[in-house]
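These notes concern the structure reproduced below.
Every number for a ligand or one of its atoms is a count from 1 in the order of the listing. What you see below is based on every heavy atom in this structure, not just the backbone, and it leaves out hydrogens, waters and symmetry mates.
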Amino acid sequence: MPTSFIGEEVAMGEQTYDAPVIIAGGGPVGSSLAIDLALRGVGSIVIERRERGKPFLLRTNMTNVRSMEHFRRWGIADALRANDPVPDDVRRDVSFVTRLNGELILNLPNSYEWKEPLPFAAELAEWAPNEGIEKTMWERVAQLPEIDYRNVSEAETFVQDEDGVTLTVTGPDGEYQVRGQFLVITDGSRGHLRRDVLNVRLEGNPNLAPSTSWHFRSTQLKDVWANGAGPVVSMVYIYNEDRGSDLITAQGPDTWQYFAGPVPDGVDGDDWEQVRELIVKAVGQEIDLEPLSGGAFSQRSLLAPRFDFGRVALAGDAAHLVSPQGGFGMNSGIGDSADLGWKLAALVDGWGGPGLLPSYSIDRREAVRFIQLGSEANHALGAIELVRPGIEAPGAEGAAVREAVKNDILDKKMVQFKRMGGQLGYRYSLSPIIWRDGTEEPPPTFADYTPSAAPGNRAPHRWLTDGTSLYDHFGLGFTLLNFGGLDAAALVDRAAERGIPLDEFIPSEEDIPGLIEQYVRNAALVRSDHHVVWRGDELPAEIDRLLDIVTGHASWSAR
Ligand SMILES: Cc1cc2nc3c(=O)[nH]c(=O)nc-3n(C[C@H](O)[C@H](O)[C@H](O)COP(=O)(O)OP(=O)(O)OC[C@H]3O[C@@H](n4cnc5c(N)ncnc54)[C@H](O)[C@@H]3O)c2cc1C
């Protein structure tokens with residue numbers, strides 16, 4: 001088994017590497033991948049152009065339930081809650097108002113966050129702006145000696161050969177090269193490595209809506225709001241005839257994000273003075289407004305034709321862009337890290353087969369396309385259609401219009417909030433490294449999550465009678481969930497002989513009936529990223545074939 005720590009050159013046969021995995025771009029996706037690898041004992045060098053501790057503002061606001069389940073595995077779910085910069089007196093609701101000093105149309109309490117544990121998930125979503133997310137990741141990175149995170153370093157270009165990839169970097173002391181067995185490109189939507197070095201273009205819709213997003217400070221906004229449409233919440237949609245639709249989100253004490261997409265005709269989203277006028281209209285009156293950063297951008301829905309290119313893989317925004325409607329951009333990239341992490345570790349440690357990286361493309365493209373389609377549908381139900389004549393009219397006339405808008409929101413827009421299909425429902429139904437059991441299932445829907453233990457799905461979750469999550473019992477490799485007294489020795493022993501990490505978990509007697517009901521079989525084999533790869537009442541006769549398929553040494557075929 002190779003030693004895979006960084007800090008000294010790692011010898012692999014004739015080859016030497018600076019680290020097993022090089023990661024170009026240390027945003028949320030590159031950082032989370034480095035953490036996943038480190039927890040498996042696999043070292044990485046992360047090349048990041050930003051200075052140490054300088055997070056991006058105005059990006060992800062919500063780490064969704066599925067991502068938080070991975071954050072829990074990575075030991076950062078509680079830290080993210082602690083690092084949330086939004087003050088407690090800002091309620092985690094979503095509101096719809098005419099203006100901040102105007103009329104409340106609808107308030108949805110705790111729309112992105114729940115207070116009580118969910119039966120079907122190991123974690124709750126967390127509303128915390130990107131600043132808190134990146135801080136949390138970088139604190140974890142600093143705790144893990146397997147990660148060599150290099151700031152103020154520019155990934156310039158790379159070459160790959162049969163045995164590895166060499167990346168040219170410009171650091172504070174000049175140009176140098178790092179060599180790894182694998183390179184993962186996580187340099188975001190504007191990175192040049194995919195486009196200019198790999199020569200790969202994204203496909204899809206490059207401009208769903210020209211938009212603008214600004215981070216600003218205001219000490220008066222909260223008071224104006226609380227005296228008007230109140231309550232002051234983390235996310236408010238503003239609909240009025242004067243302007244159309246706007247979105248304001250809480251970013252920290254007295255700091256806010258203004259978002260408009262599409263921007264009104266003739267408005268330059270890079271021009272603060274023009275955007276300031278839009279904000280004043282959304283608030284309903286003049287207040288103190290200090291711009292911090294921002295500008296124009298395009299909402300896009302784009303996907304790379306594949307994510308694996310030999311020893312090079314794409315992840316996060318470098319591989320796909322998702323309409324922000326519903327908050328799935330970063331969350332999709334976190335899903336990439338979770339899928340890619342164990343596959344790269346398996347290859348580095350020698351038990352993974354040649355099908356693993358191609359399966360990364362197939363698995364994640366299926367998941368991301370599902371998310372993109374749902375986000376595009378959210379986008380199509382944009383708020384502009386919910387702006388109606390008379391929405392601000394006084395008395396019964398205006399109240400009737402607002403009531404109609406409220407009913408339309410409840411009817412059409414709720415899929416964006418607290419609906420779990422998009423977060424938990426994607427499955428790897430096309431994957432060649434899943435042992436199919438013949439179960440025919442209807443396609444997943446973006447609105448509703450229907451738990452299923454059919455291979456390829458996220459393993460149905462359960463809180464066990466001892467208070468732990470079922471997921472807390474999954475190991476770093478495969479976990480055989482044994483509910484029916486199955487003699488698992490043949491599988492466990494053969495996996496050990498082949499160097500494949502595989503543990504057996506036998507739940508307590510009180511938990512077994514419920515689990516059999518959920519899994520509909522006596523046993524299931526689950527990956528560390530929580531996806532079911534096999535289920536059955538008895539082990540298959542061909543244990544080696546099962547192990548070959550789930551480790552990428554063979555592809556599934558119904559024979
Ligand atoms: C205005 C805006 C609003 C958004 N709102 C949401 C939201 O509400 N919810 C949501 O889920 N997503 C949202 N997103 C998307 C989300 O921010 C991204 O999906 C997420 O940041 C992707 O993470 P990443 O790590 O792939 O890329 P990035 O976060 O872009 O990170 C890429 C990293 O690579 C570094 N880098 C780039 N090139 C190089 C190089 N050559 N050498 C070294 N380093 C390099 C960059 O400095 C950066 O740190 C939003 C995005 C934008 C722009």
Worksheet item: Taking the six-membered ring of Phe307, is NZ or CZ of Arg364 closer than 6.0 Å to its centre and within 45° of its axis?
Response: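 No cation-pi geometry.
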
Anything under 3.5 Å between a donor and an acceptor, one on a side chain of residues 54-61, the other on a protein residue two or more places apart or in another chain? List them.
unit_1	atom_1	unit_2	atom_2	d
Lys54	NZ	Glu51	OE1	3.2
Asn61	OD1	Gln251	NE2	2.9
Asn61	ND2	Gln257	OE1	3.2

Nearest non-hydrogen contact with atom 28 (P) of ligand 1 belongs to which option: Arg59, Arg150, Met137?
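The option holding the nearest heavy atom is Arg59.
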
Counting both backbone and side chain atoms, is some N or O of [X] under 3.5 Å from an N or O of ligand 1?
| X | result |
| --- | --- |
| Gln257 | no |
| Ser213 | no |
| Ala155 | yes |
| Arg49 | yes |
| Met330 | yes |
| Phe56 | no |

| query | Does Asn64 have any side chain to side chain contact (heavy atoms under 4.5 Å, CB included) partners at least two apart in sequence or in another chain, and if so, which? | reply |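 Only Met62, Arg66, Ser67, Phe328, Asn331, Gln423 meet the side chain to side chain contact (heavy atoms under 4.5 Å, CB included) criterion with Asn64.
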
Top protein contact for [atom], by heavy-atom distance:
| atom | result |
| --- | --- |
| atom 26 (O) of ligand 1 | Asp317 N, 2.9 Å |
| atom 25 (O) of ligand 1 | Val29 N, 3.0 Å |
| atom 31 (O) of ligand 1 | Gly27 CA, 3.6 Å |
| atom 16 (C) of ligand 1 | Thr60 OG1, 3.5 Å |
| atom 35 (C) of ligand 1 | Glu48 OE1, 3.2 Å |

Fill in: Polar contact flag, side-chain donor to acceptor under 3.5 angstrom, Ser337-Ser32
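Yes, a side-chain donor-acceptor pair sits under 3.5 Å.
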
*OG1-CE distance between Thr445 and Met420, expressed to the nearest 0.5 angstrom*: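 CE of Met420 is found 12.0 Å from OG1 of Thr445.
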
Salt bridge or not between [X] and [Y]? Use side-chain N to carboxylate O under 4.0 Å.
| X | Y | answer |
| --- | --- | --- |
| Arg50 | Glu154 | no |
| Asp336 | Arg365 | no |
| Asp36 | Arg73 | yes |
| Glu376 | Arg369 | yes |

From Phe446, Tyr426, Tyr428, residue fulfilling ring-ring contact (aromatic ring centres under 6.0 Å, His included) relative to Phe370
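Of Phe446, Tyr426, Tyr428, ring-ring contact (aromatic ring centres under 6.0 Å, His included) with Phe370 is met by Phe446 alone.
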
message: I need the contact type for Thr186 against ligand 1. Using non-hydrogen atoms and a strict under-4.0 Å cut-off, is it side chain, backbone, both or neither?
response: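 Only the backbone of Thr186 comes within reach of ligand 1.
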
**Item:** Ligand-residue contact atoms, ligand 1 with Gly316, heavy atoms, under 4.0 Å
**Value:**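 In order of numbering, the contacting atoms are 26 (O).
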
Check ligand 1 against His192 and write out every atom of the ligand that is under 4.0 Å from a heavy-atom position of the residue.
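Matching atoms, with element in brackets: 41 (N).
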
field: Pro28 near ligand 1 by a heavy-atom separation under 4.0 Å
entry: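 Within the 4.0 Å threshold, so yes.
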
| field | Close approach, Ser153 and ligand 1, non-hydrogen under 4.0 angstrom | value |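 True for this residue.
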
Donor-acceptor contact below 3.5 Å, side chain His461 vs main chain Glu123: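 No: the side chain of His461 does not pair with the backbone of Glu123.
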
